[in-house]
Amino acid sequence: MSALQAKDPAVYKILHAEMERQAYGLELIPSENYVSEAVLEAVGSIFTNKYSEGYPRKRYYGGQEFVDQVEELAIERAKKLFNAEHVNVQPYSGSPANTAVFFGLLEYQDTIMGLKLDQGGHITHGLSVSYSGKFHKVAPYFVDKESHRIDMDDVRRIAHEAKPKLIIAGYTAYPRDIDWKTFREIADEVGAIAMADISHIAGLIAGGQLANPFDFGFDVVTTTTHKTLRGPRSAIIMCKEQYAKPIDKAVFPGLQGGPHDHVTAAKAVAFGEALRPEFKEYAAQIIKNAQALGESLSKLGWKLITGGTDNHLLLADMTDVGCTGMEAEESLDKAGITVNKNTVPYDPRKPFDPSGIRFGTPAITTRGLTEEHMEQLAQWMHKAVTNWKDDAVLAGIHEEVKELGKKFPVPGISL
Ligand code: DSN
């Protein structure tokens, strides 16, 4: 019996139910993943007992000799992984990381440019209700109405009109590669800081499958660490040396207090894993799986935004399939396949009840699924959404999904 089971059966029961959900279902939310047992061990370690405001060798508390070692190791590994001049590993998560960049490098009401949220951007890239949109003027850019791809001529036109201080490239629901080179050129033309938020694709960049914005002269790169990068739930900020001081000051003491040292330790472990040669194979397989899944769904009549994917995620407009994004999400949940409802570009429906779903392959690839499983997965998905009102059909699919799930265990879960 575990300590948790003995001491707090109520929490244990909930945790156990979640373990079953993860083990017997297939996780397709593209921003999620299954961490290794080593990462889990570090997150659950005694570093959670420690406070360490400040930075290595400049702390406001004693007892830092081992915290300093682990934070420095995380920094060194991240630098190597992304070819970064400076790395801050303390941000609690992606939104605070982006906020720290703005807080450190911009003045109140400076203009920022980011892709509009309902077209694939992020809340912190200038949504009116977020800090980014309240404290800054925002000049959003858009995807093309027909191709649903980012039109770099339009980005250039908007940048020249709005003269932003900072331009953000990097998205949460964009299935295509990003033209870092042209973004950098446009930022130079208008005197803006070029910032990349690579949260979704960090693992694909670290694994050598997609281009690194630093190779094109980007100034600042933020990323969460828990998506394709397969680390703990957290984030880092990377930048050119010239921006290091204001960004570090913005993280601490500007926005945050003590870093979460147990998570820093887990980030060091995850970066170490991503530096190994097998991570390249993992990253390549994520993309192969996403493309194979997209092809199978297209053959079944699904309308994929931009027609497919260059990365780990797919966005589908469910209108022609005959349900809404919410109905698709709920029916797939009942079938043991987890996706999230999502707006599609120029969606006539509302964000909480949109036309589309977003899904991807980072997590199922960690479990060992390959292209040969994608046809079956597409068949299950299609059957679920075309029978979204039929709970018996959905339960039947879930039984089949469970059998496959048992053959591909989730790291750290033994039932
Ligand atoms: N929640 C993240 C995602 O799902 O893409 C973005 O913050």
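We count ligands from 1, going down the list as the structure has it; atoms in each ligand are counted the same way.
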Check your understanding: Taking 4.0 angstrom as the limit, do R184 and D188 come out as a salt bridge?
Key -> yes
Review point. Is the closest basic N to carboxylate O distance between E403 and K407 below 4.0 Å?
Key: no
Review point. Would you call the rings of Y171 and Y174 parallel, tilted or perpendicular if under 30° counts as parallel and over 60° as perpendicular?
Key: perpendicular
Review point. How about Y282 and T365: does a side-chain donor come under 3.5 Å of a side-chain acceptor?
Key: no
Review point. Who passes ring pair (Phe, Tyr, Trp, His ring centres under 6.0 Å) against F252, sequence neighbours left out?
Key: Y60
**Study point:** Within the 4.0 Å heavy-atom sphere of ligand 1, strictly under, residues
**Key:** S31, H122, T172, H200, K227, R358
Exercise for review: Decide if the gap between the ring center of Y141 and the ring center of F183 is smaller than 6.0 angstrom.
Suggested key: yes
